[in-house]
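Numbers restart at 1 for each chain; the letters A, B, ... are given by sequence-line order, proteins then strands.
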Amino acid sequence: MMGPIKIDYKKCIGCKKCYDLCPQDIYVIDKETGMPKVVYEDECWLCGICWMECPKRAIDIRLTACFW
Amino acid sequence: MNLQSIADRLYETDVLVVGGGTAGCPAAWKAAKNGLDVIMIEKNHTARSGHCAQGIDTNLNFPRPGVPLKLHVADWQKRHHMFYGEGKFCDPNIGWVTFEKAYWALKQMEDMGCEMRWEKGPDGKVLFIPNMFFGGDENQIAVHWRNIKRDMYNACLKAGVKVLNRIMLIDLLTENGRVIGATCYDTREGSFIVIMAKVVIMAAGPLARTYDSETPMFYKYKYRYHGAPGALSGDGLAAAYRAGAELVNMDIGNCWFYRLRDDILMPIGQVFHRDGVNGRWTDYEGNQYPPIATARLYAELEEAGKTPVFLSQTHLNEDYQKRIEVATADERMVSLKLSEDRGFNPAEHRYEIQPMHLHNFATACGIVVDETFESNTLKGLFAVGDIAAALSSCGPAVTSGMIVGEAMPEYIKNAHLDKQGNVDMNQITAAKAIVDRYASTPDGCNPIELEASVRYISTVYISQYKQANKLKVGQQRLNSLRREFYDNMDGSNPHHLMRCLETRNIMDMQQVHIDACFSRPETRGNYTWQGTWERDPARDDMLTYQRMENGKPVLEIRHVPELKEKYVNSPDDAEIECADLYWDELKKESERK
Ligand SMILES: Cc1cc2nc3c(=O)[nH]c(=O)nc-3n(C[C@H](O)[C@H](O)[C@H](O)COP(=O)(O)OP(=O)(O)OC[C@H]3O[C@@H](n4cnc5c(N)ncnc54)[C@H](O)[C@@H]3O)c2cc1C
Ligand code: SF4
Ligand code: SF4
C-alpha cells in the first residue's frame, strides 16, 4: 500500500544517513542486508530531512491521500 | 542496590543540557567554551532535531536603534494582549534581557560558525527587516537557516561538548530542592542511564501533542504538526514539574489568529510581511478585503457567509513570486518537491485562510524562571527556549541559551557546587521501574493510540470553548483512560518505549492543563473567534502557577512580576551590547522605516 516514504534500493548505498537523522525514528537497519527499512512509517511527519540528506536521492516522499 | 548495578551507564558532568535544539546547542556550546564539562542529551539526532531541523526564515527580537528598550518591552507585552486579551502574561524582566542581549547573542552565533548573513562571504550583510508581522518596533533578520542545526551540532562537538544522541530524559534527580542530575533512556539500545550534574539546563522544547494536529487526520499519519513532533511531547515540562519546578499559564495555549490551510506547503506568511508587502485577502468570488489578518475580520466574513477566504499573491510581480517560491524551497525544501509533484504554480496559487484551534503550549506558558533563567522553586534548574515561560521562537531561544551558557561558571562557583550531589536511590529505582514496567507489558495498549485518544478528548472537551461542564466530562474521560492505560502501555522495544515515556508526559501535562482551566473561568474564552474572554478585571495581570509539593499538586493565582526598578530607571539611550557591530545595516533599515 502507498505510504509517504519509499526507498529505491537500486539507488541506496546503505550509508544510513536516513536512519541516523530521521527525527521520528521511522527507519530500522535490516540485520541481514544492512540496509535501511521503513518500519514506523505512520509516525512520519513529512519533514523531508531524509529526502534532503540522502546522498543518492534514493528516498521518495509522496503525499498520501490524507495530506492531499 | 547501588547506582553502578542499576545503571547501564553512569556519567558525571558540570552541566547537563536536556535537548539539543535551537536553545540547547548555544547553551552547551557557550558553557563548554567557558571551560566546563558539558553533556548534552538529545532524544533524536542533534544535527537534524527540533524545530529548526528543516530551517527557518526569520530570527526575531532585535531592538531598533533609537527606540528605548522600555518601549520594546511594552511592545512585546502588547503582542501578548493581541494573542490572549488584556493583562500581562509574562515577566517583563525576561523580555528586557532577551532584547538587551540580542545583538550580543547574534555575535556569538557568528562566532559559533552559524550562517547569519543573507549573502554569503565576508562582505555579506545581515539582512534586517522590520517586523511587520506584529507591527512592532523591532527588527527581525532574514536568515538562510537550512543547515543551522548541522552547524550548531558541529560547533558543539568542536567545543568539546559530549553530545549523546538518541538519549531521552526520563526524570530529574533532586536533593533538598536542588537538581543534581537525571535519569535517561537510550531509545535505540534500550539502556538505562544516570547522569549526575551540578546544573541542568532544560531545553526540551514546548508541548503540543495534548491536542489534535493541525489537519484532521485519521489514525495513521497523525503527526501533521507545524512544530516538530519529536520536540512537542512536553517531556521537559513534565519532568521539571514532577521534580518540583513551577509552571505558569498552563491554561493558555497558542491559537494563531489564522493559518494558511494548504496541504502541500508550510505557511509562508512571513514572505509577504517582509518588506511590508502583503498578500491580498479575497473570498471565493474574488472580492478583496484589507490585508491585515485579524480574527475579527475572519469572524465577520464567516457570519456574512463569505468564507472560505484566501490569501492571494496573484497581484505581486513576477520577481516577488519567484522569491516566494525560493523562500519556500529554501527553508522547507521538500515542500517544493511535493508542490511540484502537484503542479504548483506560485503565480496562480491561493492559500486558504482558516481560524486555528488551540494547538500548542509555547508562548506564554512554561517553566517559571526569573531573568537569569533559573527556576524559582528548583535550584540548579535553568530553562531556555520555548520551554521557559515568556519565551518563544528562535531569537529568544538562542539568546536565552547563550546567556545561561555564559553564566554557568560563575553560578557553579558562587553556589559552591564543587562536587556532585548525593543520589537518593529511591528516585533512581522509581525511574527504572517505569522503564521496566513498560518493557514488560507486550500486551499493553499502543502508546500512540493512547496519545490519539488523549488528543481527541482534549480537542472535543477542552480546546477553546472551555465551559465547566464540558471540562468535567473531559476530566472523567481522561481519568478513565489514565486508570486503564497509563501504567499499561506496550514498550516491548526501545522505539515503542520512547513513545510510552512520551505519552506518560503528555498525560501528566494534560492534567496540569485541565486543573489550570478549572481554576480560572475568565481564561476559558476563545480568542480566535469574535468574542474574547469573559474578562475579570480583578484578575488582570494575575497568572496561574502550578507545582508539585510533597507529591501533591499546588495551584496558586498570583501577580505577574513588574519590570524591576533598575530597568525602569535605566537611561533611554543605554547602550546595547554588540549593537554597534551591526549598526550601519541597522540604521539604514531604520531610516527606510
Ligand atoms: C516549520 C517551522 C518554522 C518555524 N519558523 C520560525 C521562524 O521563521 N522564526 C522563528 O523565530 N521561529 C520559527 N519557528 C519556531 C522556532 O523554530 C522555535 O521556537 C525554536 O526553535 C524553539 O527552540 P527550542 O530550543 O526551545 O526547541 P527545539 O529546537 O524544538 O529543541 C528541543 C529539543 O529537545 C529535544 N527533546 C525533547 N524531549 C527530549 C527528551 N525527553 N530528552 C532529550 N531531548 C529531548 C528535541 O528532540 C529537540 O531537539 C519555526 C518552527 C517550525 C517547526
Ligand atoms: S520525512 Fe522526516 S519524519 Fe518522515 S521519514 Fe523522512 S526524516 Fe523521518
Ligand atoms: S540516506 Fe539514502 S543512500 Fe543512505 S541509507 Fe538512506 S536511503 Fe540509502
Taking side chain as C-beta onward, heavy atoms only, is B:H45 less than 4.5 Å from A:Y19?
no
Select one option (side chain, backbone, both, neither) describing which atoms of A:I49 are under 4.5 Å from chain B's heavy atoms.
side chain
Taking B:R166 for its side chain and A:D20 for its backbone only, find out whether a donor-acceptor pair lies under 3.5 Å.
yes
Could you check whether B:R188 pairs with A:D25 (Lys NZ or Arg NE/NH1/NH2 to Asp/Glu carboxylate O, under 4.0 Å)?
yes
Rounding to 0.5 Å, atoms CD (A:Q24) and CZ (B:R499) come to a distance of 5.0 Å
Look at atom OH of A:Y9 and say whether more than 12 heavy atoms of other residues, nucleotides or ligands are closer to it than 6.0 Å.
yes
Separation between OH (A:Y40) and CG (B:N493), nearest 0.5 Å, reads 3.5 Å
Write out, in numerical order, the residues from residues 30-37 of chain A with a heavy atom short of 4.5 Å from a heavy atom in chain B.
none
As an exercise, state the distance from NE2 of B:H495 to CD of A:E43, rounded to the nearest 0.5 Å.
3.5 Å
Looking only at heavy atoms, the pair that brings B:N44 and A:P23 closest together is ND2-O, 3.0 Å
